[in-house]
Amino acid sequence: MKILQVIHGFPPYNVGGSEGYTYYLSQELSKRHKVFVFHCIIDLEMKEYAVIHDALGNLEIFKINNTFRLYNSFEETYKNDAIA
């Protein structure tokens, strides 16, 4: 089975509770399934909304650079046509 985990941050960029939980859950699931993780990074040097494909062990990682600097309203932080 293919599984996609979507989270706001992920190690090594973020190491909070939900990030750690998602990391360990993804590692465990990857023993029997193909696991992908999609998360945000904030890099002011990188192009806005650039997507980076990477790997971390058995996990395929997709990172999107979202610095929030182009938003004009709070609504744009969760309803963003460029990311959709």
Side-chain angles (χ1 to χ4, degrees):
M1 177 185 329
K2 293 180 181 179
I3 299 170
L4 173 63
Q5 301 274 44
V6 179
I7 186 146
H8 59 278
F10 197 73
Y13 301 94
N14 304 92
V15 289
S18 59
E19 294 91 341
Y21 175 81
T22 302
Y23 171 78
Y24 290 114
L25 177 61
S26 297
Q27 288 290 350
E28 192 62 31
L29 289 169
S30 74
K31 293 177 181 177
R32 296 185 182 186
H33 305 284
K34 182 66 177 166
V35 178
F36 303 85
V37 178
F38 180 81
H39 71 92
C40 173
I41 59 172
I42 298 172
D43 185 337
L44 297 175
E45 304 286 320
M46 190 180 299
K47 182 180 176 186
E48 195 73 4
Y49 308 131
V51 176
I52 300 97
H53 179 227
D54 204 356
L56 182 61
N58 293 334
L59 307 176
E60 278 198 60
I61 310 292
F62 292 88
K63 303 172 265 194
I64 187 165
N65 188 45
N66 186 5
T67 65
F68 297 92
R69 63 183 165 194
L70 301 179
Y71 297 143
N72 296 311
S73 70
F74 176 71
E75 181 182 17
E76 291 177 347
T77 67
Y78 62 86
K79 186 178 179 184
N80 184 321
D81 292 334
I83 292 177

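Residues L44 and T67 approach most closely at CD2-CG2, 3.8 Å, considering heavy atoms. Taking every heavy atom of both residues into account, L56 and Q27 meet most closely at O-NE2, 4.1 Å. For the residue pair S26 and L59, the shortest heavy atom distance occurs at O-CD2, 3.5 Å. The shortest non-hydrogen separation linking G9 to E19 is O-CG, 3.1 Å.
Proximity of a side-chain donor or acceptor of D54 to a complementary backbone N or O of I61 within less than 3.5 Å is not detected. N66 places no side-chain N or O within 3.5 Å of a backbone atom of C40 that could act as its donor or acceptor partner. Formation of a donor-acceptor pair under 3.5 Å by the T77 side chain with backbone atoms of F74 is found in this model.
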Run the numbers on H39 and K63 for side chain to side chain contact (heavy atoms under 4.5 Å, CB included), then give the verdict. CA-CA 5 Å; H39 71 92; K63 303 172 265 194; 3.2 Å; yes
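Using a 4.5 Å heavy-atom threshold, the side chains of N65 and E48 count as touching.
With values rounded to the nearest 0.5 angstrom, E76 atom CD is found 9.0 Å from D81 atom CG. For the atom pair K31 NZ and N58 CG, the distance stands at 9.5 Å (nearest 0.5 Å). Once rounded to the nearest 0.5 Å, the distance linking CD of E28 with OH of Y24 reads 12.0 Å. Atoms CG and OH, on L70 and Y49 in that order, are 5.0 Å from each other to the nearest 0.5 Å.
Residue L4 is grouped with residue V51 when hydrophobic side chains (ILVMFWY) are merged at heavy-atom distances under 4.5 angstrom, including chains of intermediate members. Linking ILVMFWY side-chain heavy atoms closer than 4.5 Å, directly or via other members, places V35 and I52 in two distinct hydrophobic clusters. Under the 4.5 Å side-chain heavy-atom criterion for grouping Ile, Leu, Val, Met, Phe, Trp and Tyr, L25 is connected to I7 within one hydrophobic cluster. Connection of Y78 to I41 is not established within any shared hydrophobic cluster, with ILVMFWY side chains joined at heavy-atom distances below 4.5 Å, either directly or through further cluster members.
Annotation: cation-pi geometry satisfied between K34 and F36 (NZ/CZ under 6.0 angstrom from ring centroid, within 45° of ring axis).
Around the CZ atom of R69, the shell of radius 6.0 Å holds more than 12 heavy atoms that belong to other residues, nucleotides or ligands.
Between H53 and F62, the ring-plane angle classifies as parallel under the 30° and 60° cut-offs.
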